[in-house]
Amino acid sequence: MRRAFVAGNWKMNLSLAETRALVEGLKAEVGDETRIDIAVGPPFVYISEAVNAAAGSVIKVAAQDVYFEEKGAFTGEISPGMLGDVGCTYAIVGHSERRHVLGETDALIAKKLKATLDGGLKVILCVGELLEEREAGRTAEVVKTQIVAGLFDLSAEAMANVVIAYEPVWAIGTGVTASPEDANEVHGMIRALLVEKFGDAVAAATTIQYGGSVKPENAETLMGQPEVDGALVGGASLKVDAFVAIIRNTIKAKGLD
Ligand code: PGA
């Protein structure tokens, strides 16, 4: 059965010293927690520091992005091999800020995802609709397009290393969350797509996180939804207490306590 997974996406925040302090703080609180999976997502330049600080604990490190080539003349880019080399376990691809601020397309995201898996890392694929798309009743269509483009060329075996994060763009960093029922509905729709393409076993085994203003106060109700398997957390992952509370509330909501 799929595992619950809480990951932090720090975005472009914190310093070297703050990276160490945050990971050490988490390690002291949840460093040996095995009931769910836990990851932190620092900026590229702090990945090694986070990996070193997390050593000896269950905390894994995720990159916030990755490039699809292994090496060469790609100024400013970082390859899956480089991420693996410094001890990174996951790469996030297709985050809404990459899609909508940096202009990444589904085609580029699909290449990054494939290269990440080929490079031996796990991937967190983010999908989600804009407010105007939701208001126009296009949520299912938009999310389906992103899922099909990102995942439908993969083998069923490759899906073992894929996590999906449903993050409605209008809920990210806004303090507004999807209602637990709306989140559950979209997660169910994503899982139905996985059933169609990869079969029941893969669909049942794939972790689908919710992201968008997840906080200690709303984590338990959101994570209590049957189709919601964890959280991708932005703002609230920057403080030990808040991130630990989200982890503990997820454990509780999933009946793992
Ligand atoms: P937020 O960000 O929790 O600050 O809304 C979530 C995300 O962008 O992954």
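The analysis underlying the following values was restricted to heavy atoms, covering all of them including side chains, and did not include hydrogens, waters or symmetry mates. Both counts, for ligands and for their atoms, begin at 1 and track the order of listing. None of these values were measured; they are calculated from a predicted model.
In this structure, the protein non-hydrogen atom closest to atom 4 (O) of ligand 1 is Gly235 N, 2.9 Å.
In this structure, Ala171 has a heavy atom closer than 4.0 Å to ligand 1. Within the structure, ligand 1 has Ser213 among the residues with a heavy atom less than 4.0 angstrom away. Residue contacts with ligand 1 include Lys11, since one of its heavy atoms falls under 4.0 Å from the ligand.
The two residues Lys122 and Thr116 make their nearest non-hydrogen contact at O-CG2, 3.8 Å.
Residues Tyr166 and Glu129 have side chains in contact (heavy-atom distance under 4.5 Å, counting atoms from C-beta outward). In this structure, Arg248 and Val30 have side chains that are in contact, with non-hydrogen atoms separated by less than 4.5 Å.
Applying the ring-ring contact (aromatic ring centres under 6.0 Å, His included) test to residues at least two apart or on different chains, none of the pairs has a partner in residues 210-242.
Against a heavy-atom cut-off of under 4.0 Å, His95 is close to the following atoms of ligand 1: 7 (C), 8 (O), 9 (O). Atoms of ligand 1 lying under 4.0 Å from at least one heavy atom of Glu167, given by number and element, are 6 (C), 7 (C), 8 (O), 9 (O). When each atom of ligand 1 is checked for a heavy atom of Gly212 under 4.0 Å away, the hits are 5 (O). Proximity to Gly173 (heavy-atom distance under 4.0 Å) selects the following atoms of ligand 1: 1 (P), 4 (O), 5 (O).
Residue contacts with ligand 1 for Ile172 involve both N, CA, C or O and side-chain atoms from C-beta outward (heavy atoms, distance under 4.0 Å).
Taking the six-membered ring where tryptophan is involved, the planes of Phe5 and Tyr90 are essentially parallel, since the angle between them stays under 30° and well short of 60°.
The shortest N/O to N/O separation between Gly234 and ligand 1 falls below 3.5 Å.
Of the possible donor and acceptor atoms, none in the side chain of Glu141 sits under 3.5 Å from a partner among the backbone N and O of Arg138. Between the Asn9 side chain and the Gly234 main chain, no donor and acceptor come within less than 3.5 Å of each other.
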